[in-house]
Student: 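The following block contains the structure, expressed as structure tokens.
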Amino acid sequence: MASLSLQPKFSLHPNNSILHFHPQNKPQIIFFTRKVKVKTKTKCSSIDPQQQQQKQRESFTRKKESVTETEKGVDPVGFLTKLGITHKAFAQFLRERYKSLKDLKAEIFTRHLNLQEMASGFEILGTHRHKEHRVDYMDWAPGARYCALVGDFNGWSPTTNAAREGLFGHDDYGYWFIILEDKLREGEEPDELYFQQYNYVDDYDKGDSGVTIDEVFQRANDEYWEPGEDRFIKNRFELPAKLYERLFGPNGPQTIEELGEIPDAETRYKAHKELHKDDPPSNLPPFDVIDNGKEYDIFNVVVDPAWQEKFRNKKPPLAYWAEIRKGRKAWLKKYSPAIPHGSKYRVYFNTPDGPLERVPAWATFIQPGAEGKQAYAIHWEPPPEYTYKWKHTAIKPPKSLRIYECHVGISGSEPTISSFNDFTEKVLPHVKRAGYNAIQLIGIVEHKDYFTVGYRVTNFFAVSSRYGTPEDFKRLVDEAHGLGLLVFLDIVHSYSAADEMVGLSRFDGSNDCYFHTGKRGHHKYWGTRMFKYGDLDVLHFLLSNLNWWISEYKIDGFNFHSLASMLYTHNGFASFTGDLEEYCNQYVDNDAVKYLILANEILHALHPNIITIAEDATFYPGLCEPTSQGGLGFDYHVNLSAPEMWLSLLKNTPDHEWSMSKITSTLLGNKNYADKMLVYAENHNQSISGGQSLAEILLSQGNDKAPQSNELLLKGSSLLKMIKLITFTIGGRGYLNFMGNEFGHPKRVEFPMPSNNFSFSLANRCWDLLENEGVYQDLFRFDKDMMKLDKNEKVLSRGLPNIHHVNDTNMVISYLRGPLLFVFNFHPTDSYERYCIGVDEAGEYQVILNTDERRYGGQGIVKEEQYLQRTISKRVDGLRNCIEVSLPSRTAQVYKLSRILRI
């Protein structure tokens, strides 16, 4: 039920990029008509009052803008100043973008009350059950001439439930509105009250108590209104009748001359005050006007503070209206639903090119359709007993993220598509046991073709029906929260599927509804459609989509997939040298950049604990800087160079030629944003459709992927553990791992497609490998202890590492992170005894993790009695002390300062 309270409205002012509240208790501004004489050196001229008022408004606006920007600390080039970067062209680009963003917000406010409303389109668009025994449908199709809902509920008739232009069904912006009234059952009488409301959840409500409508209304008049307050409610024509009688009655002026000149507002107001100065006290609102006597004074209407507070605290009489609402049983007894739960439907358009049927853009449950069959939406309105009831509350984001990336469809052991329920019952407990604190789901949003891994989205508001129902997905998210796991969604707003029968392409028959026309409307290489981010209605769709997943499914964050595709008109397929000119030239899609800024501002204002992750191979400047300082506002960015580096080294570079300097510089990425970096050793892209995972390269050989010899298996597992450990501990505040890679899954992922005869043999995970002792169990045990290392020692949430020892000849890397010392020997053959590593603090250092331990599948060369090392007062690596460690080849050790020695 809509609230009529007079609380402050949440909004984002167009002159400021920071969200704030607009209180509604400021006095009204009234501009009285006043002619002002202005003296000049030559002559006196009379200024038009309207021009004077306009100048006052402009002056007031300019002052407000300057004060607001100063107070809020908005600086369009703030992050450049912070980093000491001077680049005139890019700085000018940021300033122009800021002005353009202000103009965009001002344009938004011409159609929306605030940005919260802009991002809440799902509340009215699509199909919604209305309290007044009906279903409302709304959709955006500016190119259509006729709109109707067709489905099995009306025999797929294009005329039964339709909206036509000029009949309250179509507005100037292209939105269509259709009302589907519930059907009155045979023998039932229509409701006595035209606006009778029903509660569709509870069996009974207050309206079922037997109290009549007249009794409720009489009690509302008696209890709610105070004496005098309901005068104009009961006698609403009293005032206009008196005015009419005064002007046109028998005693009124009969001619224009008798009417005379009507005084200005100020004169009439003073005359009114003089006439009523001796009136007795009244219950009517005590308004008054303040005039400070200035020549260009603005008259402010003010009221008595006590009366104003009393009026604001007075709640609207909605409680009385709610007393007539009836329950679910009364509704089902009298009506049958216009669209029953589970009904199949599509939207029918008549366009200049002829009739067509589409899956509604805002539909929340879709059946994509089998081969040769057209897709359709499914009306999802389950009875209360089948609606999922949330059990767990949202989780506060941790300081470090250990993200388990997963795909529901391939999460099972069988060669088939797994379901949400299978994932909830089998995979979530494994993720918790493995020590991760977040999951990132890919392929959740509805997509027609399974082999696209979910990246060619067709229906942005629907979970994929191949995994289960919306209620099943809610259970998955809720159970994850119950296990202490955050749930992130891989969101694809950088492009959309080009499918016309089920997706958004040519939705209303036109080529420019949601997307650009011509070449710009298609991805340069992938053939997908590119959104028109400068269109307000497209922004309305995309921003509402983000808010929908949080509001409906309690998602904790988003990974924005492939930003390079949307940020540039060349879709990121260009060489980048790092020159800032490449980020502000004619190939940058400024509308896309502004969309990302708006998305981050709105999400973080509406949901303060939300986490947004940017996946951008070009690392756009300011990606993780605050929007108020010229940035895009993301919380984290993904280091995409790290997995590519490891894959390249393993495939193309001999072991003894690996560069330690390249490894450290690639893993650290941009030092200015290393604390906001997420990194992984390998992601799902490396093992999909013909690619290979790191374990597949290191632990198997030949075309049949047969197991290697024990010696080569030891070599492969040792290197895999080192790769994971250095990637995990040297980067920023987050680490990602794709499902199965934590135990070295031996097979790649390959989705069913024509090239493999739609085989599911590689579209699953071999969880049974963890049931027996062996290399996979050893690798999983190490990965768990690596996660435990962060949980106990807060590795990722500490400051950036101090990399003080990088020796390309010996292939040794060492760095400090807080009280922890990390030492890696990547040399394939050489081991070192009493290798000197510099440390700052004098004391005793204890090994807390060793990749060569036997329980991890290692040789156990370093014995436990060697785990405790005391520092030597010797300057090494620029530090005051050092320790001498034993470094077998292809091993890594983590030391912790257990006791400080004071000298």
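This structure is a prediction, so every number in the text was calculated from the model and none was measured.
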Student: Is there side-chain contact between Arg97 and Pro76, with at least one heavy-atom pair below 4.5 Å?
Tutor: no

Student: Can you name the closest pair of heavy atoms from Met677 and Leu667 and give their distance?
Tutor: CE-O, 3.0 Å

Student: Looking at His570, Arg520, Met566, which one forms a side chain to side chain contact (heavy atoms under 4.5 Å, CB included) with Asp589?
Tutor: Arg520

Student: Please check if the distance between the ring centroids of His637 and Phe619 is under 6.0 Å.
Tutor: yes

Student: Just so I know, are the side chains of Ile730 and Ile803 near enough to count as touching, which here means a heavy-atom distance under 4.5 Å?
Tutor: yes

Student: With Leu101 as reference, evaluate Ile597, Asn590, Val593 under the side chain to side chain contact (heavy atoms under 4.5 Å, CB included) test and give the passing residue.
Tutor: Ile597

Student: Are the aromatic ring centres of Trp140 and Phe507 under 6.0 angstrom apart?
Tutor: no

Student: So, are Asp790 and Arg798 salt-bridged, with charged N and O less than 4.0 Å apart?
Tutor: no

Student: Please determine whether the number of non-hydrogen atoms from other residues, nucleotides or ligands lying under 6.0 Å from atom OH of Tyr587 exceeds 12.
Tutor: no

Student: Check whether any side-chain heavy atom of Phe531 sits under 4.5 Å from a side-chain heavy atom of Tyr495, and report yes or no.
Tutor: no

Student: Would you mind reporting whether Val638 and Ile613 have side-chain heavy atoms less than 4.5 Å apart?
Tutor: yes

Student: Strictly below 4.0 Å, N to O, side chains only: are Asp499 and Arg456 in salt-bridge contact?
Tutor: no

Student: Locate the shortest heavy-atom distance separating Ala614 from Leu563; write the atom from each residue and the value.
Tutor: CB-CD1, 3.7 Å

Student: Which pairs with one or both residues in residues 609-620 pass side-chain hydrogen bond (donor to acceptor under 3.5 Å, both in side chains), sequence neighbours excluded?
Tutor: Asn559-Glu615, His561-Glu615, Tyr568-Thr618, Asn600-Thr612, Thr612-Asp635, Asp616-Thr618

Student: Side chains of Ile108 and Asn114: does their closest heavy-atom pair fall under 4.5 Å?
Tutor: no

Student: Please confirm whether the ring centroid of Phe541 lies under 6.0 Å from the ring centroid of Trp362.
Tutor: yes

Student: Just checking His87 against Tyr583, ring centres under 6.0 Å apart?
Tutor: no

Student: When you check the gap from the basic side-chain N to the acidic O, do Arg529 and Glu500 get nearer than 4.0 Å?
Tutor: no

Student: Quick one: pull up CD in Glu601 and OG1 in Thr627 and give me the separation to the nearest 0.5 Å.
Tutor: 3.5 Å

